[in-house]
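Here's the structure, in structure tokens; my notes come after.
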There are 2 protein chains.
Amino acid sequence: MLSNSSKYAIKGVLYLALNSDEDHKVMVRDMHGVVHVPEAYLAKLLQELSRHGVISSTRGPRGGFFLSKEDRKRSLMDIVKVIDGEKRVKSCVLGVKDCDTDQPCVLHKLVGANKSKFIKVLENTTILDLIEGKRDVEEFFPV
Amino acid sequence: MLSNSSKYAIKGVLYLALNSDEDHKVMVRDMHGVVHVPEAYLAKLLQELSRHGVISSTRGPRGGFFLSKEDRKRSLMDIVKVIDGEKRVKSCVLGVKDCDTDQPCVLHKLVGANKSKFIKVLENTTILDLIEGKRDVEEFFPV
DNA sequence: AGATTAAAAGACATTTTTATCCTTTTTATG
DNA sequence: CATAAAAAGGATAAAAATGTCTTTTAATCT
């Protein structure tokens with residue numbers, strides 16, 4: 001659903017949101033400890049975000065990463081899109097391939113469509129619940 | 001959130017739910033095409049599930065995998081537990097480490113607690129929304 | 001201008017996940 | 001009892017994700 005890289009990136013941006021602006025840039029060296037992400041790896045992720053215009057940065061002395069006013073209007077999805085790609089996040093919880101919100105598989109209705117009561121569904125739905133009233137294999141495996 | 005392996009396993013079990021019982025066992029050879037999982041890999045996963053008593057199997061001629069009446073009462077979580085381990089599934093969407101349902105981080109309230117309106121939250125929540133009213137870094141990074 | 005600082009970029013290493021192959025064990029059946 | 005069918009198990013391979021290191025480029029300060 002979300003790669004660690006995306007989680008790292010979100011944490012990083014969150015840190016920047018709290019600790020930076022145009023006049024107070026932040027070096028990776030100073031933030032990686034707080035967000036618990038390996039320094040070089042965090043640097044890479046932030047560079048990628050910067051390259052895609054999701055966050056801002058300048059090089060050289062007094063340089064670093066920061067969020068502009070505009071940057072702060074970005075959604076978390078904007079971050080995730082850059083790191084994981086949209087497809088990965090939106091993909092069906094079960095569909096390894098072509099199932100998504102537009103073309104949902106049968107399980108989608110249960111766990112996918114509202115991809116978020118997911119844990120509860122996993123715990124409370126038995127195999128029996130799943131298949132009741134259904135005998136057609138094709139219904140479950142559209143792809 | 002869910003590994004492909006778990007998705008594969010769920011699909012496999014689903015297939016068994018639809019196509020097997022004590023008297024009609026199913027060989028991996030006959031099911032892997034339908035569920036779109038590599039034969040040898042699916043075999044491994046089903047073996048693992050069988051070893052943990054989540055599904056049933058017998059060897060030899062006319063053998064194969066199947067679901068007993070009891071097996072059908074299992075939850076999807078039972079499957080996922082075996083393949084991914086409980087920790088992985090329950091882990092916080094953002095917490096790479098110790099954040100979970102019991103000790104939620106701040107983002108948890110937003111995306112984690114109801115880990116399922118997640119996509120919508122991602123799309124609709126801006127950085128600004130996230131930090132409004134908060135200036136304390138520690139609040140965001142408990143671990 | 002020159003030295004220094006910090007991100008950008010890209011090559012390389014490690015680990016985890018996914019996938020395959022091959023041998024062994026079990027078991028039904030003729 | 002021999003044979004063949006099928007899962008079980010182990011070793012290995014490939015791919016993807018994660019992580020590190022080194023060099024290059026740009027900004028700043030003296």
Side-chain angles (χ1 to χ4, degrees), chain A residues 1-12 16 20 22-33 35-67 80 82-85 87-89 91 96-97, chain B residues 1-12 16 20 22-33 35-67 80 82-85 87-89 91 96-97:
Chain A
M1 192 176 187
L2 273 198
S3 69
N4 276 347
S5 294
S6 271
K7 297 179 187 179
Y8 286 171
I10 291 174
K11 286 183 173 193
L16 292 178
S20 82
E22 277 84 349
D23 303 320
H24 301 89
K25 292 153 194 173
V26 178
M27 291 187 291
V28 177
R29 190 190 307 144
D30 295 330
M31 60 186 290
H32 81 272
V35 297
H36 303 105
V37 179
E39 183 171 355
Y41 198 52
L42 179 57
K44 229 188 197 162
L45 296 169
L46 294 182
Q47 281 164 23
E48 193 73 2
L49 291 177
S50 178
R51 206 161 63 75
H52 283 83
V54 176
I55 68 176
S56 308
S57 66
T58 62
R59 309 191 206 193
R62 307 214 48 194
F65 294 97
F66 66 100
L67 295 193
V80 174
V82 169
I83 304 299
D84 284 348
K87 199 159 189 179
R88 170 161 177 170
V89 203
S91 70
V96 180
K97 283 211 177 123
Chain B
M1 191 173 188
L2 272 198
S3 69
N4 275 347
S5 294
S6 271
K7 297 178 187 179
Y8 286 171
I10 291 174
K11 287 183 173 195
L16 293 178
S20 82
E22 277 86 349
D23 303 321
H24 301 90
K25 291 152 193 175
V26 177
M27 292 187 289
V28 177
R29 190 191 307 144
D30 295 330
M31 61 184 291
H32 80 273
V35 297
H36 303 105
V37 178
E39 182 171 357
Y41 198 53
L42 180 58
K44 270 273 147 69
L45 295 169
L46 294 182
Q47 280 164 25
E48 193 73 3
L49 290 177
S50 177
R51 206 162 61 78
H52 283 83
V54 176
I55 67 176
S56 308
S57 66
T58 61
R59 308 193 207 189
R62 306 214 48 193
F65 293 98
F66 65 100
L67 296 193
V80 174
V82 169
I83 304 299
D84 284 346
K87 199 161 190 180
R88 169 159 178 173
V89 204
S91 71
V96 180
K97 282 214 177 119

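No hydrogens, no waters, no symmetry mates; every other heavy atom, side chains included, goes into these values. Computed from a predicted structure; not experimentally measured.
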Please determine whether a side-chain nitrogen or oxygen atom of [X] lies at a distance below 4.0 Å from atom OP1 or OP2 of [N].
X: A:Tyr8; N: D:dG19; answer: yes
X: B:Ser5; N: C:dT18; answer: yes
X: B:Arg29; N: D:dA6; answer: yes
X: B:Arg62; N: C:dT29; answer: yes

Original post:
Between B:Tyr8 and B:Ser3, does a side chain to side chain donor-acceptor pair (under 3.5 Å) hold up when you go through it step by step?
Top reply: CA-CA 9 Å; B:Tyr8 286 171; B:Ser3 69; over 6 Å; no

Let me know the distance between [atom1] of [X] and [atom2] of [N], rounded to the nearest Å.
X: B:Lys25; N: C:dT27; atom1: NZ; atom2: P; answer: 11 Å
X: A:Met31; N: C:dA6; atom1: CE; atom2: C1'; answer: 14 Å
X: A:Asn4; N: D:dA16; atom1: CG; atom2: P; answer: 18 Å
X: B:Tyr41; N: D:dA7; atom1: OH; atom2: P; answer: 18 Å
X: A:Asp30; N: C:dT5; atom1: CG; atom2: P; answer: 14 Å
X: A:Glu39; N: D:dG19; atom1: CD; atom2: C1'; answer: 12 Å
X: A:Leu42; N: C:dA6; atom1: CG; atom2: C1'; answer: 14 Å
X: A:Leu49; N: C:dA8; atom1: CG; atom2: P; answer: 10 Å

Original post:
For A:His52, does the NE2 atom sit with more than 12 other heavy atoms under 6.0 Å from it, leaving out its own atoms?
Top reply: yes

**OP:** Please confirm whether the backbone N or O of B:Gly63 pairs with a side-chain atom of B:Thr58, one donor and one acceptor, at under 3.5 Å?
**Re:** no

[X] to [Y] - nearest heavy-atom pair and separation:
X: A:Ala9; Y: A:Leu45; answer: N-CD1, 4.2 Å
X: B:Ile55; Y: B:Phe65; answer: CD1-CD2, 3.8 Å
X: B:Leu67; Y: B:Glu22; answer: O-OE1, 4.2 Å

Original post:
A:Gly60 or B:Gly60: which one's nearest nucleotide on DNA chain C is closer to the 5' end?
Top reply: A:Gly60

Subject >> First of A:Val28 and B:Val37 reached from the 5' end of DNA chain C, by closest nucleotide >> reply: A:Val28

**OP:** For side chain to side chain contact (heavy atoms under 4.5 Å, CB included), just list the numbers for A:Leu16 and A:Met31, CA-CA rounded to whole Å, side-chain angles, deciding distance to a tenth of an Å, and then say yes or no.
**Re:** CA-CA 9 Å; A:Leu16 292 178; A:Met31 60 186 290; 4.0 Å; yes

Original post:
Of the candidate nucleotides D:dA7, C:dT27, C:dA7, which contains the atom at the shortest distance from the side chain of A:Met27?
Top reply: C:dA7

Original post:
Taking the side chain of A:Pro38 as heavy atoms from C-beta outward, which of D:dG19, D:dT18, C:dT20 is closest to it?
Top reply: D:dG19

Distances under 3.5 Å between protein N/O atoms and the N/O atoms of nucleotides 8-11 of chain D, please, pair by pair.
from: D:dA8; atom 1: OP1; to: B:Ser57; atom 2: OG; distance (Å): 3.0
from: D:dA8; atom 1: N7; to: B:Gln47; atom 2: NE2; distance (Å): 3.2
from: D:dG10; atom 1: N7; to: B:Lys44; atom 2: NZ; distance (Å): 3.3
from: D:dG10; atom 1: O6; to: B:Lys44; atom 2: NZ; distance (Å): 2.2
from: D:dA11; atom 1: N6; to: B:Lys44; atom 2: NZ; distance (Å): 3.4

